[in-house]
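Down below is the structure, laid out as structure tokens.
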Amino acid sequence: MVTGGASGIGAAIVQRLAEEGAHVVLFDRNETTARATAETCGAGVRVAVVDLTDFARLGRLIAETGPFDIAVNNAGIDQHAFFTDTSEEDWRRLLAINLEAAFAVTKAVLPAMQKSRFGRIVNIGSEAGRLGSRGGAVYAAAKGGLIAFTKSIALENARYGITANSILPGPINTPLLREAVAAGGEKLLKVMENATLLRRLGRAEEVAAAVAFIASREAGYVTGETLGVSGGMGISQA
Ligand SMILES: NC(=O)c1ccc[n+]([C@@H]2O[C@H](COP(=O)([O-])OP(=O)(O)OC[C@H]3O[C@@H](n4cnc5c(N)ncnc54)[C@H](O)[C@@H]3O)[C@@H](O)[C@H]2O)c1
């Protein structure tokens with residue numbers, strides 16, 4: 001299962017996993033885009049339309065469409081505002097999708113993975129989660145929480161043959177990023193490119209390739225890790 005699989009990084013992950021032969025269920029609230037993505041990926045992809053912050057409905061849909069060997073928590077939203085300009089409502093909205101939806105998914109998929117003694121949890125964080133973010137304090141806090149949550153799930157579930165890892169994209173050319181650039185101007189695009197060692201935006205397919213590896217049987221000895229797919233963002237200031 002892939003959350004937020006209708007567009008951007010999620011859509012590239014759905015496409016790549018489907019190409020690898022996985023039967024994918026794409027969870028997204030945007031039905032039109034979700035169905036269009038599923039159609040381009042072929043018959044192996046099904047769609048579950050859900051707002052991932054509706055945890056009761058999400059749990060029911062996972063029970064109906066699962067069990068799953070692989071769960072990719074990818075859905076997320078960003079907000080560009082200095083912390084003093086954010087409200088409690090903003091914090092709740094950002095935490096609900098960027099962090100708590102991953103709790104709800106993980107809770108729902110783990111029992112079957114434990115029973116089958118195999119599982120792959122892949123959480124899409126952000127470099128903001130380990131570096132912090134000017135204009136994204138709440139988003140960064142949620143993503144930092146996701147990294148710690150992933151490691152804890154790895155610790156608790158190694159004995160069941162289940163791995164849990166985080167992948168941290170840098171600036172990836174997706175609708176989410178283009179929205180931010182539209183609001184912040186072309187200057188923001190240059191700032192993002194220059195924050196990477198490779199001086200360019202990443203492609204969603206480059207994140208999907210990392211997910212495909214981490215989710216594969218070949219990656220069975222990789223757990224509790226935090227992998228940047230971010231053009232060297234973590235060391236670009238060094
Ligand atoms: N694009 C980047 O530069 C970048 C950088 C770092 C991390 N990320 C992370 O990668 C992930 C994917 O980002 P993207 O750029 O592909 O975004 P995107 O906006 O292109 O796609 C996100 C998808 O999630 C879905 N979604 C959002 N909230 C939802 C909800 N409440 N219920 C159901 N579906 C919901 C949207 O409908 C959309 O299909 C996010 O977690 C994001 O934080 C992205």
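Excluded from the calculations below are hydrogen atoms, water molecules and symmetry mates; all remaining heavy atoms, backbone and side chain alike, are included. Owing to the predicted nature of the structure, the values given are computational and were not obtained by experimental measurement.
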For residues Glu100 and Phe55, determine if any side-chain heavy atom of one lies less than 4.5 Å from a side-chain heavy atom of the other.
-> yes

Checking Asn98 side chain against Leu94 main chain: does a donor-acceptor pair fall under 3.5 Å?
-> yes

Give, for atom CD of Gln15 and atom CD of Glu205, the distance between the pair rounded to the nearest 0.5 Å.
-> 8.0 Å

Find out if a path of hydrophobic residues (ILVMFWY) with successive side-chain heavy-atom gaps under 4.5 Å connects Phe149 to Val211.
-> no

Less than 4.5 Å apart, any side-chain heavy atom of Pro171 and any of Met233?
-> yes

Can you tell me how far the CG atom of Asn30 sits from the CG atom of Asp51, to the nearest 0.5 Å?
-> 11.5 Å

Taken to the nearest 0.5 Å, the spacing of Leu176 CG from Ile77 CD1 works out to 9.0 Å

Is it the case that Thr223 and Thr163 place a side-chain donor and acceptor less than 3.5 Å from each other?
-> no

Over 12 foreign heavy atoms within 6.0 Å of CZ, Arg199 | yes

Mind checking the CD1-CD1 spacing from Ile70 to Ile121? Nearest 0.5 Å is all I need.
-> 10.5 Å

Arg35 with Glu39: basic N within carboxylate O range, under 4.0 Å | no

Inspect the contact between Glu186 and Lys190 and indicate whether a charged nitrogen and a carboxylate oxygen are less than 4.0 angstrom apart.
-> no

How far does CD1 of Ile235 sit from CG of Leu197, to the nearest 0.5 angstrom?
-> 5.0 Å

Side-chain contact test, heavy atoms from C-beta onward, threshold under 4.5 Å: evaluate it for Arg120 versus Ile214 and give yes or no.
-> no

Is there a path of hydrophobic side-chain contacts, each under 4.5 Å between heavy atoms of I, L, V, M, F, W or Y residues, that connects Val122 with Val14?
-> yes

Donor-acceptor contact below 3.5 Å, side chain Asn157 vs main chain Ala164 | no

Just checking, is any N or O donor in the side chain of Asn123 or Ser166 under 3.5 Å from an acceptor N or O on the other one?
-> no

Would Glu206 and Arg200 pass as an ion pair if we require N to O under 4.0 Å?
-> yes

State, yes or no, whether a side-chain contact exists between Asn165 and Thr226 at a heavy-atom distance under 4.5 Å.
-> no

Has the side chain of Ser230 got a donor or acceptor atom that lies under 3.5 Å from a matching backbone atom of Gly170?
-> no

Side chains of Asn173 and Arg178: do they bring a donor and an acceptor to under 3.5 Å?
-> yes

Hey, any chance Leu58 and Val49 share a hydrophobic cluster, counting ILVMFWY side chains that come within less than 4.5 Å of each other, even indirectly?
-> no

Contact check, side chains of Gln79 and Asp90, non-hydrogen atoms, under 4.5 Å = yes

Tell me whether Ile162 is reachable from Phe103 by hopping between hydrophobic residues (I, L, V, M, F, W, Y) whose side-chain heavy atoms are closer than 4.5 Å.
-> yes

Whether Phe83 and Trp91 hold their rings parallel, tilted or perpendicular, with breakpoints at 30° and 60° = parallel

Determine yes or no for a side-chain-to-main-chain donor-acceptor pair under 3.5 angstrom, with Arg117 supplying the side chain and Arg159 the backbone.
-> yes

Which atom names give the shortest non-hydrogen contact between Ala210 and Val229, and what distance separates them?
-> CB-CG2, 3.8 Å

Glu19, CD atom: more than 12 neighbouring heavy atoms under 6.0 Å = yes

Gap separating the OG atom of Ser126 from the OH atom of Tyr139, nearest 0.5 angstrom = 4.0 Å

Do side-chain atoms of Lys143 reach the backbone of Ile124 as a donor and acceptor pair under 3.5 angstrom?
-> yes

